[in-house]
Amino acid sequence: MNNPADRWLQMLAVAGDEPSGDSPLSRYFRNSYDLPAEWSRVRRRYLGMINTHTARFNSPELSMARAPGRVNLIGEHTDYNGLPVFPMAVNRDMASVFSPRSDRKVVIVNTEPGFAERTFDIEESIPPHPTGDWGNYCKAAVQGLLDYYRQKHRGAERFCGFEATIDGDIPIAAGMSSSSALVVLCALIFLASNGLDLHTTPEGRLELADLLGGAERYVGTQGGGMDQAISLMGMAGHAVKIDFFPLRTRTAPLPANHTIVVADSTVKAAKTADALDKYNRRPIECRLAAAVLKRIFSERYGREVPISLLGDLKEEKLAVAESEIWRIAAAALHEDPYTLGEIAGVLGQSGEKTTALYCKRRDGSIFPKPSDGFKLQQRYRHVVEEGGRVEQSVRALEGGDITGFGELMNRSHQSCRDLYEISCPELDRLVEISREAGALGSRLTGAGFGGCTVSLVENKRLESFIQRVVQNYYRDYLGREDREFGTLIFPCQAAGGADIFVVA
Ligand code: NG1
């Protein structure tokens, strides 16, 4: 049994209800899945990857890696505003069997036939595939790491590529971060293939999360760094509060006797073309709100105040008491949507300059003015109140106030729906049904515009909760006649952060 593939297969193929031995991979399976119930599914996945990989490549070395998806329990669209989020990494992931190559080629194969094989070369500046192509997430990770190491005086020519077979069981375009998990996975594969160890210490992981948060913008989104951070910093049995600028994490144990249930609205929330614009409108409106508030605070105090994000509106930054900050800010922004001309007037600059500074897509093209105007007050209110709800949620969980935490989740959904306008009728209905079915709290999770909800449910009600949601949402509201709903509504366990497993 000297062949690594055989050794992996041996570990996975053993008879019985659990993986054998004490390897890190076996330990991961035991800590993160409800074994033995899930073992045959998990085992089938990993065996599938090994078989696909050995059939496609003739690699002498073979390692494994995984990067989890996440559900955000509360704190939506706060990350890119410099305010905290409170997600947990889940036991659904992007996993891979991979081998380093001796040349500079990267070849990625997906077990899902809809994602065709992608190949590219490691070079100083890697040209992207068309928007929406799955290969871009891998390119984003590699480009991000190349840029990072270039600053550390190591040119692209020194790096070797890899070949990887990738398999995911995170629902796609559902707000569970399958895309960032793929970015993190490819980053780990690149590091391992090049003998680099950035991911091996907690400080290194934070640095990696930080750089990958920026690197993912390669695909065209202007998101924050939550997804990459939780995928790297997740902890089994815990939710993780993440603060930004600088990136920091703090874990909080999830309540015993309760389960986090994810339900897919089935409305696709893919970030391509139109959907990307819907998503990117929010960061643009937030940057404009921050610019307007900076101007108003600076004028009032006769000095330039350091506000570039809404999250900068705090006592430490402005040297102004918090209550005073909220009073001034609340009076400064009006409820009616702003026109570009009005914003430019407040900022004391031309409309062209305002557009050039704040309203650009990543590719440099101009973001079209929204026909219903820029909703600065509503976006501002959601973001700062949501940041406050994150702090309250951590305290509620730490103090054992589970009902209070559920209520905060409900209030968060309301704000996402009414102020940030990222919900849709299906998500609203699913949340309503989930509460009627006994959830202590239920809300949309992730970017919104479709995707999943997350609900907090007492274990003793779990079965009846799932049955009622299946009946009232999937069967009655959506009119679906599926026999099995396990891929649409499922309990999640909080899993540990991304890992690499080498054969013993
Ligand atoms: P998802 O749900 O993965 O599309 C996006 C952003 C997050 C965060 C949330 C909203 C990316 C990669 N992810 O998440 O950073 O802003 O929306 O809270 O852009």
Side-chain angles (χ1 to χ4, degrees), residues 67-90 92 94 131-132 136-137 140-141 144 168 170-187 209-232 241-245 247 262 264-265 267-272 275-287 309-311 361-362 379 382-383 386-387 389-390 409 412-413 415-416 419-424 427 443-454:
R70 59 102 178 102
V71 276
N72 191 18
L73 302 180
I74 195 161
E76 227 57 85
H77 289 262
T78 42
D79 56 355
Y80 53 80
N81 286 296
L83 288 168
V85 293
F86 197 34
M88 70 181 212
V90 295
R92 301 256 167 168
M94 299 298 299
T131 306
N136 280 342
Y137 294 94
I170 307 169
I172 293 168
M176 290 187 75
S177 249
S178 54
S179 49
S180 299
L182 181 54
V183 172
V184 170
L185 179 77
C186 292
D210 213 15
L211 90 87
L212 293 179
E216 194 170 326
R217 303 210 177 114
Y218 179 94
V219 305
T221 46
Q222 304 190 14
M226 153 164 63
D227 305 342
Q228 304 78 10
I230 186 64
S231 190
L232 281 158
K241 180 191 172 214
I242 304 173
D243 283 282
F244 301 90
F245 315 119
L247 193 62
V262 169
D264 190 343
S265 70
V267 176
K268 288 293 164 215
K271 288 218 206 69
T272 44
L276 246 187
D277 270 355
K278 271 205 226 162
Y279 178 87
N280 285 337
R281 172 177 170 180
R282 272 53 184 185
I284 288 173
E285 289 177 309
C286 290
R287 283 203 298 272
L309 302 172
L310 291 176
R361 297 195 186 92
R362 189 188 175 274
R379 308 311 188 221
H382 167 77
V383 168
E386 185 78 351
R389 281 189 285 270
V390 171
M409 290 174 75
S412 166
H413 183 79
S415 178
C416 287
L419 296 175
Y420 222 61
E421 298 180 289
I422 52 168
S423 191
C424 61
L427 281 170
R443 56 182 295 280
L444 68 83
T445 183
F449 308 107
C452 290
T453 59
V454 58

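Nothing fancy with the numbering, it's 1 onward along the sequence. Atoms within each ligand, like the ligands themselves, are counted from 1 in listed order. What's counted below: heavy atoms across the whole structure, side chains too, no hydrogens, waters or symmetry copies.
At under 3.5 Å, not a single nitrogen or oxygen of G225, backbone or side chain, sits near a nitrogen or oxygen of ligand 1. For a threshold of 3.5 Å applied to N or O pairs, the pair formed by M176 and ligand 1 contains no separation below that value. Taking distance alone, with nitrogen or oxygen atoms compared against 3.5 Å, R70 approaches ligand 1 more closely than that limit. Distances between N or O atoms of D227 and those of ligand 1 include at least one value under 3.5 Å. Taking only nitrogen or oxygen atoms, main chain and side chain alike, Q228 does not reach within less than 3.5 Å of ligand 1.
A distance-only check finds no donor-acceptor pair linking the side chain of Q228 to the backbone of S180 [under 3.5 Å]. No donor-acceptor distance shorter than 3.5 angstrom exists from the side chain of D210 to the backbone of G213, with no hydrogens or angles considered. Within the 3.5 Å criterion, the main-chain N or O of H77 finds no donor-acceptor partner in the side chain of R282. Side-chain N or O atoms of S177 include none that pairs as donor or acceptor with a backbone N or O of G69 at under 3.5 Å. Remark: the backbone N or O of G451 is paired with a side-chain donor or acceptor of S265 at under 3.5 angstrom. H413 contributes a side-chain N or O that, together with a main-chain N or O of L444, makes up a donor-acceptor pair within less than 3.5 Å.
Neither the backbone nor the side chain of R217 comes within 4.0 Å of ligand 1, counting heavy atoms alone.
Every atom of ligand 1 with a heavy atom of Y80 under 4.0 Å away is listed here by number and element: 16 (O). In the vicinity of G224, heavy-atom distances shorter than 4.0 Å reach the ligand 1 atoms 15 (O). Near E76, meaning under 4.0 Å from any of its heavy atoms, are these atoms of ligand 1: 10 (C), 18 (O). Contact atoms of ligand 1 toward D79: 7 (C), 8 (C), 15 (O), 16 (O) (distance under 4.0 Å to a heavy atom of the residue). Set against the non-hydrogen atoms of S180, the atoms of ligand 1 under 4.0 Å away are 12 (C). Applying the 4.0 Å criterion to heavy atoms of H77 picks out, from ligand 1, the atoms 10 (C), 18 (O). Every atom of ligand 1 is numbered from 1 in the order shown, and the set under 4.0 Å from a heavy atom of M226 is 8 (C), 9 (C), 18 (O). Numbered from 1 in the order shown, with element, the atoms of ligand 1 that lie under 4.0 Å from a heavy atom of G446 read 2 (O), 10 (C).
Test E76, E285, E386 against R379 for salt bridge (charged side-chain N to carboxylate O under 4.0 Å, His left out) and you get one pass: E285. The one candidate from S423, S412, S415 that meets the side chain to side chain donor-acceptor pair (under 3.5 Å) condition with R443 is S412.
Of the inter-residue distances, the one linking T78 atom OG1 with I242 atom CD1 reads 10.0 Å to the nearest 0.5 angstrom.
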